[in-house]
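Only this structure's heavy atoms are used, side chains among them; waters, hydrogens and symmetry mates stay out. Just so we're clear, the structure is a prediction, and the values are computed from it rather than from any experiment.
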Amino acid sequence: MGRGIPEVLINSAIGIVKELGGKALVILEDIDPERLRDAGVTIVIVGSSFDVEEEMVKRVSIPQNLDLNNILNLISAFLIEHNILGEGESFVYVTREMIGIKTVKKSISAMRGFFAQNQSVLQRLLEITIELSVEGREGTPVGTIFVIGDTRRVLRHSHQLIPNPFKGHKVNVLDRNSKEIIKEFAQLDGAFIVRDDGRIAAAGRYLEVEPKVIDLMLPPGLGSRHIAAAGITKLTRAMAISLSESGTIRIFKNGLMLLEYNPRIRY
């Protein structure tokens, strides 16, 4: 049956869900939901599309180059956000190689904001950030920030460090041809400001954040770039992705860190 998830794993996962009295089965591959018609619980398919309209089958799009732990944490946040699971409850997940059980921890609730943003724009920028983390730019490490959404307010809380290279241009992160342009300008100091629809409003932007004033609740040891990214999401309704020169990627919403990942490190 090709390189997809073997039928025996899917059937075993359905059996485990029923045995545990679980409420959700998560499939970490884009498959036909008909293969899961006997599950009797909410099915979450992690693939290339985002569609949560159906009651029993939810399709969620998460960058596949994230590590398994972060994917499962984001799925946990999704299940909480859609009232499918509560904190302390568990779901069964299945990949091409394994079946696992994940318990939703209380701390996961901070990640719920991940799914409030435009998924395709956020996913595209996260994919580009992961590539920048691994590759750098011409062999040199790159640090940058992408601020997504609530653009008018973000612009009020920031100013240009350099003339805006995107002024008068309609560059959109959803356009596959824009990736190399974005990577090139990622070498500039300052942040990218990206609208909800994916159009880049500005780059080389200094975020005017005063951490002591806005009382950020962040883990100790974060550098100024991550603090600025967190701060702008506390001052506005935006979401921010920050990349340090060490390769660590963090996503912030409402001043909280939703995700931390370094693709250069094997977990």
Side-chain angles (χ1 to χ4, degrees), residues 26-31 43-54 57-82 93 95 108 110-135 142 144-151 154 171-183 185-186 191-201 203 226 229-230 232-233 237-243 247-254 256-264 267:
V26 176
I27 310 296
L28 295 171
E29 183 168 301
D30 222 337
I31 71 169
I43 304 298
V44 178
I45 298 173
V46 181
S48 58
S49 59
F50 189 86
D51 183 358
V52 297
E53 295 304 313
E54 285 190 52
V57 178
K58 311 289 185 184
R59 294 185 176 274
V60 178
S61 178
I62 294 175
Q64 294 298 292
N65 45 3
L66 279 175
D67 66 305
L68 179 61
N69 185 55
N70 270 308
I71 289 175
L72 293 176
N73 283 343
L74 289 172
I75 291 297
S76 299
F78 172 83
L79 292 169
I80 291 176
E81 194 165 343
H82 288 79
Y93 63 91
T95 74
I108 290 297
M111 301 178 73
R112 292 167 64 169
F114 183 90
F115 293 97
Q117 216 72 21
N118 183 317
Q119 281 302 291
S120 53
V121 173
L122 181 62
Q123 172 159 339
R124 182 70 183 137
L125 286 172
L126 187 50
E127 288 171 353
I128 291 170
T129 308
I130 290 170
E131 287 184 24
L132 281 169
S133 171
V134 174
E135 303 165 6
V142 171
T144 193
I145 300 172
F146 296 100
V147 184
I148 307 134
D150 202 7
T151 303
V154 171
V171 178
N172 195 298
V173 303
L174 298 178
D175 180 357
R176 290 282 162 180
N177 296 323
S178 70
K179 181 167 73 172
E180 288 306 313
I181 298 170
I182 294 167
K183 286 184 172 181
F185 284 111
F192 288 84
I193 311 301
V194 183
R195 300 190 334 190
D196 272 321
D197 62 2
R199 182 174 171 182
I200 301 175
H226 294 305
I232 198 68
T233 70
R237 293 190 300 274
M239 184 174 281
I241 304 172
S242 65
L243 168 65
T248 301
I249 298 165
R250 293 180 174 92
I251 298 182
F252 299 96
K253 177 77 173 176
N254 299 324
L256 298 170
M257 186 167 68
L258 311 188
L259 177 147
E260 181 179 49
Y261 176 50
N262 190 329
R264 297 185 197 171
Y267 291 83

Taking every heavy atom of Ser133 against every heavy atom of Leu243, the minimum-distance pair comes out as CB-CD1, 3.7 Å
Beyond-backbone contact of Ser242 with Ile249, side-chain heavy atoms, under 4.5 angstrom
no
### Message
Go through it in stages, so that I can follow the logic: the residues are Val194 and Val121, the test is side chain to side chain contact (heavy atoms under 4.5 Å, CB included), and I'd like the CA-CA distance, side-chain angles, deciding distance and then a yes or no.
### Response
CA-CA 9 Å; Val194 183; Val121 173; 4.2 Å; yes
Close side-chain approach of Val173 and Ile182, heavy atoms under 4.5 Å = yes
Do Ile130 and Tyr261 make a side-chain contact, defined as non-hydrogen atoms from C-beta onward lying under 4.5 Å apart? yes
| said: For a 4.5 angstrom cut-off between non-hydrogen side-chain atoms, does Phe78 reach Ser76? | reply: no
Exercise. Do other residues, nucleotides or ligands put more than 12 heavy atoms under 6.0 Å from Glu53 CD?
Worked result: no
> Are the side chains of Val142 and Glu135 in touch, meaning some heavy atoms are under 4.5 Å apart?
Replying inline: no
Closest non-hydrogen contact found for Lys183 with Ile128 is CG-CG2, 4.4 Å
In this structure, CZ of Arg250 is separated from CG of Asn262 (nearest 0.5 Å) by 9.0 Å
- Task: Check whether any side-chain N or O of Asn70 sits under 3.5 Å from a backbone N or O of Leu259 as a donor-acceptor pair, and report yes or no.
- Result: no
Could you tell me whether Arg59 and Glu54 make a salt bridge, using a distance below 4.0 angstrom between a side-chain N and a carboxylate O?
no
Distance col, row Thr151:OG1 vs Arg237:CZ, nearest 0.5 angstrom, shows 10.5 Å
dist Leu122:CG -> Ile251:CD1 (nearest 0.5 Å) comes out at 5.0 Å
In short, Asn172 meets Arg199 closest at the heavy-atom pair ND2-N, 3.3 Å
Between Gly149 and Val154, the two heavy atoms sitting closest are O-CG2, 3.7 Å
Taken to the nearest 0.5 Å, the spacing of Ile148 CD1 from Asp197 CG works out to 12.5 Å
In this structure, CD1 of Ile232 is separated from CG of Asp150 (nearest 0.5 Å) by 9.0 Å
### Query
Heavy-atom distance under 4.5 Å between the side chains of Leu79 and Val44, does that happen here?
yes
(request) Could you please spell out the steps behind the side chain to side chain contact (heavy atoms under 4.5 Å, CB included) verdict for Thr95 and Glu29? (result) CA-CA 7 Å; Thr95 74; Glu29 183 168 301; over 6 Å; no
**Prompt:** Considering only heavy atoms from C-beta outward, does the side chain of Phe192 approach that of Val147 to under 4.5 Å?
**Reply:** no
The reported gap from CG in Leu72 to CG in Leu28 (rounded to nearest 0.5 angstrom) is 6.0 Å
Nearest heavy-atom contact between Ile31 and Ile45 is O-CD1, 3.6 Å
Nearest heavy-atom approach of Leu258 to Met239 is CD1-CE, 3.8 Å
(Q) Does this structure show an ion pair linking Lys179 with Glu131, if we count only N-O contacts that are shorter than 4.0 Å? (A) yes
